Trainee: 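I am attaching a structure below and will ask some questions about it afterwards.
Heavy-atom basis, side chains included; hydrogens, waters and symmetry copies ignored. Numbers here are sequence positions counted from 1. One-based numbering, in listed order, for ligands and for the atoms of each. Nothing here was measured: the structure is a model prediction, and the numbers come from that model.
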Amino acid sequence: MNKMNKSNIVLIGFMGSGKSTIGKALAQRLNYSFIDSDVLIEDRIKMPISDYFKRYGEEKFRILEEEIISQIALTSEAVIATGGGVVKNPNNISNLKNNGTIFYLKGSPEHIFENVKYDTTRPLLNTGNKLETIKSLLKERSPLYESASDMIIDIDHKSIEEIVVSILDCMRGKVI
Ligand code: S3P
């Protein structure tokens with residue numbers, strides 16, 4: 001089967017790269033359903049992820065994330081927005097790849113910083129120096145995002161609409 005014929009479109013990338021916003025717009029365009037793994041996790045734990053991190057820690061969150069991802073991965077014809085740390089667990093990626101094409105929304109630290117500079121809902125970025133945290137976490141995670149992805153979409157200096165069009169062009173096999 002051609003990779004692009006796989007049923008789901010999976011968006012991965014760093015916090016603040018626009019996975020949810022772009023995913024919703026893309027799903028609408030394709031007439032696919034839209035699934036946001038963080039929203040499903042929050043539905044399950046009945047509290048914001050930031051509270052869960054504080055109470056139970058990242059390790060417990062990752063266990064929950066793996067369970068939710070394994071369920072989501074069974075869907076079809078969905079655009080799936082994942083949490084930025086989904087690539088830390090190879091099981092997540094193999095589950096998502098079973099029935100999905102993975103797009104990495106690749107942004108520079110500066111671009112990401114602009115999107116999250118006033119945000120307080122992401123526990124891993126609530127540090128003294130957000131830009132430096134983004135730089136070091138991104139350095140650590142970039143190889144994971146790149147190796148997990150089927151396609152890489154550069155998002156710097158692009159509008160949501162332009163990013164959606166880039167993904168659609170990729171799906172149609174056009175060079176972008
Ligand atoms: C995380 C990203 C968050 C959320 C959690 C952990 C991460 O999702 O899953 O706070 O490790 O990068 P977003 O990428 O949607 O912010």
Trainee: Step through the shown structure and confirm whether more than 12 heavy atoms of other residues, nucleotides or ligands are within 6.0 Å of CG on D43.
Mentor: yes
Trainee: Examine M47 and V39 and state if one hydrophobic cluster contains both, with Ile, Leu, Val, Met, Phe, Trp and Tyr joined whenever side-chain heavy atoms are less than 4.5 Å apart.
Mentor: no
Trainee: S20 and D36: side-chain donor and acceptor closer than 3.5 Å?
Mentor: yes
Trainee: Name the closest protein heavy atom to atom 14 (O) of ligand 1, giving the residue it belongs to and the distance to 0.1 Å.
Mentor: K19 NZ, 2.6 Å
Trainee: Would E42 count as a contact of ligand 1 if the rule is a heavy atom under 4.0 Å away?
Mentor: no
Trainee: Under 4.0 Å from a heavy atom of D38: give me the atoms of ligand 1 that qualify, with their elements.
Mentor: 3 (C), 4 (C), 8 (O), 9 (O), 13 (P), 15 (O)
Trainee: So how far is it from S94 OG to N89 CG, rounded to the nearest 0.5 Å?
Mentor: 8.0 Å
Trainee: Considering the heavy atoms of G85, write down every atom of ligand 1 situated less than 4.0 Å from one of them.
Mentor: 1 (C), 7 (C), 11 (O), 12 (O)
Trainee: For E58, is the nearest heavy atom under 4.0 Å from an atom of ligand 1?
Mentor: no
Trainee: Applying side-chain contact (heavy atoms from CB on, under 4.5 Å), name anything that partners P90, two or more places apart in sequence or on another chain.
Mentor: none
Trainee: What is the closest protein heavy atom to atom 12 (O) of ligand 1, and at what distance does it sit?
Mentor: R141 NH1, 2.6 Å
Trainee: Could you see which bit of R122 sits under 4.0 Å from ligand 1, with heavy atoms only: side chain, backbone, both or neither?
Mentor: side chain
Trainee: Relative to ligand 1, is A81 under 4.0 angstrom through side chain, backbone, both or neither, heavy atoms considered?
Mentor: neither
